[in-house]
**Student:** 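Pasting a structure below so you can have a look.
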Amino acid sequence: MQPQHATAKDKAKRSRFRWSFPKAMLGILFLALWTEVMVTLATKANVETGSSKWPYAIGFFFSVLPLLALAVYRWPLVFSFFRSVKVGVTNLIFIGLAAILGVLFHQEDPNFPIPKGGVEQLAEWESQEGPWSYEARMAYRNYLDFRGAQATFVYHMLEGRGLGLLGFDASVDYQFVDTQMEELRPKLPPIERRYGEEFAKSLEASSERGWLTRQENADIKRLETAWDDTWFTLFVWADRLDLIRTYKADWFASLWVILLFGVFSNTFRGGWRRLLRPNKWGFVITHAGVILVILGGFHSRLTERRGMLNIRRGESKAVFQLYSGKKHAFVRPGLFGETEETPFVVRLDGFRADYHDVLDVVYVKQEGDSFEREFAVRNPVHRIYEGKVLRFDYGDSKDHPEGGGGKRPFLQIEVLEYLPQCEEEFFLREASEEEEGTIPVVAHAKLFQEEVLLQETLMQPLAIHPRALLLDERTGARIRLRVAPDEEAARRTLAKPVELNFGHVRAMVGDSPVGPMMQAVPGEETKLEVRDQVYRVTIKDAVPDLRLRTLADGRAVHDPSGVPMELLIPVNPAVLVSIENQAGEVEERWVLEKDFHGPEPKFAELEFRFLWDWWAFPAKTRYLLFLLPDGNLRFGEVGKPESLQPFAQDGEFELGDGVRFQLAGAFSYGKVETKVKVVEGADFFHPAPGAVRIRTTTPEGQQEMTLVATEKGDARPLRYTGPGGETRLVSISFRLDQNELPKEWRSKLSFLEAPGADGHELKERYSGEIRVNDYLYYKGYRFFQTNADANDPDYSGVGVVYDPGIEAVLTGLYMVAGGTMIAFLINPLVFRNRRRRTA
Amino acid sequence: METFSYRSLITLTMYLSATGGGLGLLLLLGRFLLPLFRGSSVQTLQTNSGMQVDLPASDSSGPRWLQRGSWVLLLMMTVSLLVNSLAMGARYVEVQHWPAQTMYEVIPLGVASGFFAGILLYFVLGLGQIQGIARAFTEVFMTLKLIAYAAIFLYVLNLDPTGRPLPPALQSYWFPVHITAYMIGYFTMFIGTLAVWLLFCFRFWRGLLQRGDYPVPTKELLAIFGFSLITVPFGQYGWLMGPGVLALTGVLAGLSLMLPNKLSWFDGWETGADTFTWKIFLVGFPFLTAGLIMGALWAQEAWAIYWGWDSKEVSALISWVFYAVYLHLRYVAGWKGRKGMWILLVGGFSVYITFQLFGYLPASQSSLHRYTDMENVPTEGLMGAGPGG
């Protein structure tokens, strides 16, 4: 029996079809073409309606038949095809060639593909009437991108390599670039000495490349139009052959199917015992991994959903937008359509984009009152970190007070500390009269409720600053600072009651005042003589916060908030004046502190200016803090002279309702200093800016400064003596670099679901943070940070993906990595040692 | 320039590498000129990579400094690697991230990988074991690498050196490992291409100069000559690696003809060439595979898409498929020897396109991988208006 069996096997072997490389090539091409035909027929049969669908359906039936016949009657041929290693290698070559085609043709955006028939409509636009269809417009948009990309490639590959373009005269003027560079180079050494070699090199390199790029781009634009017919023909054929969507083409998918079967049949041939041999493990694991990757990829292709969740802080959404533009609910889609699940809801609880903080060090020159950059070039951008040392302005050491030999920097900036999230705290210190930037008679006052800081301000006597006092809307208290020659004078001042006043009104004609200053007290009246007219002006009303409401007759009246005036903060103070001329005509006009464009006034020649009195308007209690000549302080309530008491520099006073007044220093001359401190317990979403503490070293000595990052950067000047005794002026600022992408952006998401079929209230099931490179997974959906808008700090663009094929692909990838390592690294070492031992 | 800045250190690496290259050229001249004054007999040695090397016995007892020549080159390569690594460290401190954001950073990282791969291959291929005149191949191989690296640094020093912040997508632990794996893979494959090219160049000259004893088909001679011209459009570096290498090997082959055994020292190299280049491939391919897979895993973490058919991904895949085809053809279709080596030669081009020409590919205009593009802005304030502007 054995010999007979062996003979039959040998016979079968002999009769098996042998696939050579050319035959394998033909076989694969045939299958790819056949796939295209079948998919086209099946799609048409599916899309067409009525009788026109039947020819396609019949065509599809007859195209499937030969394949089925081949599988049934010539199974050994089919089997040997997939099992042939030569077919496998040829197929791999085809995949490589297809990938090459894919990169040689500009690919349409898979998220915004050209609609069906778009290219045909575009090709026949001349014969069509009316405006272009949506399909044709989309195709044209794609064509412009295609033309630009192909022209760029051809230009750089041919003209850029000196090979020339047929019938096209490139016009890059290298002589011009050389001239420009010759002009530039002598200007670079002073910049290099000031800003360093890297910056000067950067200017040189980017300028040369920039001049060339400009001319090349102009050439490419000309090439686009000069060869427009060629590009369009190429575009039409690339569309027909799916070369502009290579990786989505059915013929490309057919190559992967052949690869899948080929790898499968070759990996597991020869019986399972063969797979257990240690020297085969690497091979088996790698190829099993490839199979998983392809299978996972097909699963992804059939089921994946991709889109964007455009959401703002505080919003909740149950749907996201697919890249196709359709909306999709957060439910798990099945292979054959959507499920009946109730969608979950996503809520954006927090979002922040954190930009890089950069230090700008710019040399400026002063001309009169204006400042301008010393070198008309872009500023060097310094990204800083703790310990970084920046050196500028290299010159001869002999010019430096410290002497020495060679060159040395005349300005050095050392970053002593970088605080990523901090807050600026100001404090008042006593200063001498001569000191620059001092404030006369000043106190630093704070209001607390429990431990919460409600407000803080600098208080000054009203004669110096009429608004520099403290108003509390909770207790209706007012506190101000006064100077008193002694305690007795302070007591007398306290005993004197405050005369009620809402402010002062001044009539104006043009820029000149007319008549006396009026007290803004209802009933106050005065007569004004303006040229040949006499006006009677009466104060009718005064309000600390004007809110106008338009009545049915068109008149605008004040709509009081109902809060007692004592508890109001003057946000929009106004006074109502009544103006009457000699003829008895009357105009009532609201006069505001701020600019106000109300209805056209009847007596337009007469204008009024008004200033609210923050101290004398109704209050529940008024307190005075007295600064005595010896620097001591006294504090008391107005109207109660007996309340006068000594007050410490850090004294406190209870105003009632849990509100506490606290002093943080009061001096005859004070200076405001800032202190930067880290925000304790701040997470990423806290908007506190970064700050940097730097030390500058110049021939004049060392100086420390702390800079808080702002959008534009608050410039601090620094003067020093540079090389050759020249005076240098440097502007140093710290800013958020919004020209670059953010350093990081993060969103805080919560996932909510209905508790049950009858429940209406959504319950939070899960929450977490996403950042780029760190997504969140919930019920099959992956959420990843992908977008932000610098102009809208509340907006977050969250990418959404539903792709159940990912797990298989990832497993496959790990297997390929592991298998390759075993095959190429472990096996050679293990088996070489074993072979050596055996030998 | 500050002493321990990135720029000063890569400048120093360039000088070290160039010095090594210059020393190598002097060694080669000595190698071929000195034996002219000596007698010869032949002995055969076998190296780690399995190649048989025939060499005149008298050559093995040449001056000691000649025998130590390749060690000097190895030493220069090691010192260059150390300084290059220091430069990368300095750049890390300067820009506060793994220095692989711009071409000014990526290329030196690649050259460091090239130095590393060169040193590794010296031992893997047993280049130090070869004695006598046949050692000239080792020396020309290492000399060319050193000259090429010096030339690359010269190119890098003329690039825009501005450091750029890392965009959020690149702030990942995959960034250093993915890029570094690719750089080792790329530069090892470049070394493989150079090895094949050197072997072909010597074969070309031998076929031309010893036509009777060593027949080489005319179409192969034309193919080798044609290949040397393919690199010409790529500027001065193309001239250096194409016609430059062909000319250098021509000079060395010419000098060899004056030796008693002429070019017979090349026989052993040719016999072992397949194993030699295969071993280079075996070092580089796992790194290419790792780079490709790590890229997919990273993309999956960043955009929840393991493969987006982005042109950079596809370019990398094309190179990988190229070498995978070589691997399978070698295993199952017996494409060993020169057939396989031609694939390795062209494979280097594929890697070069992925690494350097990718930005020009039509499909790359909307690629997500265009992180290394320079901002090309003319310095307007210091220069006049351009044509049309």
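To find a chain, count down the sequence lines: A is the first, B the second, and so on, and within it residues start at 1. All values derive from a computational prediction rather than experimental measurement.
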**Student:** For Thr820(A) and Thr289(B), test the side chains for any donor-to-acceptor distance below 3.5 angstrom and give the result as yes or no.
**Tutor:**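 Per modelled atom types, Thr820(A) and Thr289(B) side chains form no pair under 3.5 Å.
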
**Student:** Please look at Phe199(A) and chain B and tell me whether the side chain, the backbone, both or neither of the residue comes under 4.5 angstrom of a heavy atom of that chain.
**Tutor:**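 For Phe199(A), no heavy atom lies under 4.5 Å from chain B.
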
**Student:** Once side-chain contact (heavy atoms from CB on, under 4.5 Å) is applied, do any residues pair with Asn158(B), and if so which ones, sequence neighbours excluded?
**Tutor:**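 By the side-chain contact (heavy atoms from CB on, under 4.5 Å) rule, Asn158(B) matches Lys201(A).
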
**Student:** Under 4.5 Å heavy-atom distance to chain B, tell me which part of Met157(A) shows up: side chain, backbone, both or neither.
**Tutor:**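 Just the side chain, heavy atoms under 4.5 Å.
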
**Student:** Looking only at heavy atoms, which two atoms of Trp303(B) and Phe784(A) are closest? And how far apart?
**Tutor:**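 The answer is O-CZ, 3.2 Å.
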
**Student:** For each of Leu297(B), Leu317(B), Val232(B), tally heavy-atom pairs with chain A at distances under 4.5 Å, and name the one with the top tally.
**Tutor:**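 Winner by heavy-atom pair count: Leu297(B).
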
**Student:** Taking side chain as everything from C-beta outward and backbone as N, CA, C, O, which of these in Phe234(B) sits under 4.5 Å from a heavy atom of chain A? Side chain, backbone, both or neither.
**Tutor:**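 When you check distances to chain A, atoms from both the backbone and side chain of Phe234(B) fall under 4.5 Å.
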
**Student:** With only heavy atoms counted, which part of Phe322(B) is less than 4.5 Å from chain A, the side chain, the backbone, both or neither?
**Tutor:**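 The answer is neither part of Phe322(B).
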
**Student:** Does a side chain donor of either Trp174(B) or Asn773(A) reach within less than 3.5 Å of an acceptor in the other side chain?
**Tutor:**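 No, because no side-chain N or O of Trp174(B) sits under 3.5 Å from a partner of the opposite role on Asn773(A).
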
**Student:** Measure Val93(B) against the heavy atoms of chain A and call it side chain, backbone, both or neither at under 4.5 Å.
**Tutor:**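 Looking at Val93(B), backbone and side chain both touch chain A.
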
**Student:** Under 4.5 Å heavy-atom distance to chain B, tell me which part of Asp803(A) shows up: side chain, backbone, both or neither.
**Tutor:**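 Interface part for Asp803(A): side chain.
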
**Student:** What part of Val816(A) lies closer than 4.5 angstrom to a heavy atom of chain B: side chain, backbone, both or neither?
**Tutor:**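 Both parts, backbone and side chain.
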
**Student:** Less than 4.5 Å apart, side chain to side chain, heavy atoms only: is that true for Phe283(A) and Tyr331(B)?
**Tutor:**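 Answer no - side chains too far apart.
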
**Student:** Specify the closest pair of heavy atoms between Arg383(A) and Gly163(B), including all atoms of both residues, with the distance to one decimal.
**Tutor:**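 So the minimum-distance heavy-atom pair works out to NH1-O, 3.5 Å.
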
**Student:** Please look at Ile353(B) and chain A and tell me whether the side chain, the backbone, both or neither of the residue comes under 4.5 angstrom of a heavy atom of that chain.
**Tutor:**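 Neither the backbone nor the side chain of Ile353(B) comes within 4.5 Å of chain A.
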
**Student:** With sequence neighbours excluded, what pairs up with Tyr418(A) under the ring-ring contact (aromatic ring centres under 6.0 Å, His included) test?
**Tutor:**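 Tyr418(A) satisfies ring-ring contact (aromatic ring centres under 6.0 Å, His included) with no other residue.
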
**Student:** I need the residue from Ser315(B), Ala304(B), Ala324(B), Pro286(B) with the largest number of non-hydrogen atom pairs under 4.5 Å to chain A.
**Tutor:**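 Top option by heavy-atom pairs under 4.5 Å: Ala304(B).
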
**Student:** Ignoring hydrogens, what is the shortest heavy-atom contact between His356(A) and Leu166(B)? Give both atom names and the distance.
**Tutor:**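 In this case the closest contact between His356(A) and Leu166(B) is NE2-O, 4.0 Å.
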
**Student:** If we only count heavy atoms from C-beta on, is the Val283(B) to Phe824(A) side-chain gap below 4.5 Å?
**Tutor:**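 Of all side-chain heavy-atom pairs linking Phe824(A) with Val283(B), none is under 4.5 Å.
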
**Student:** Go through Val95(B), Val325(B), Val321(B) and name the one with the most non-hydrogen pairs under 4.5 angstrom from chain A.
**Tutor:**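 Heavy-atom pairs under 4.5 Å are most numerous for Val325(B).
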
**Student:** In terms of heavy-atom proximity below 4.5 Å to chain B, should Arg373(A) be classed as side chain, backbone, both, or neither?
**Tutor:**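 For Arg373(A), no heavy atom lies under 4.5 Å from chain B.
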
**Student:** Can you find a heavy atom in the side chain of Tyr326(B) that is under 4.5 Å from one in the side chain of Val89(A)?
**Tutor:**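 Result no, sub-4.5 Å side-chain heavy-atom pair not found.
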
**Student:** Between Arg7(B) and Glu198(A), does any side-chain N to carboxylate O distance fall below 4.0 Å?
**Tutor:**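 Not counted as a salt bridge, because no side-chain N and carboxylate O are separated by less than 4.0 Å.
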
**Student:** Heavy-atom cut-off 4.5 Å, strictly under: side chain, backbone, both or neither for Gln96(B) against chain A?
**Tutor:**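 Interface part for Gln96(B): side chain.
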
**Student:** Can you see which heavy atom on Leu163(A) is nearest to which on Pro233(B), and at what distance?
**Tutor:**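 Heavy atoms only, the tightest pair is CD2-CG, 4.3 Å.
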
**Student:** Nearest heavy-atom pair of Leu361(B) and Val103(A): which atoms, and what distance?
**Tutor:**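 Between these two residues, the closest heavy atoms are CB-O, 3.8 Å.
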
**Student:** Any sub-3.5 Å donor-acceptor pair from Tyr775(A)'s side-chain atoms to Gln300(B)'s backbone N or O?
**Tutor:**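 Here the side-chain-to-backbone pair does not exist.
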
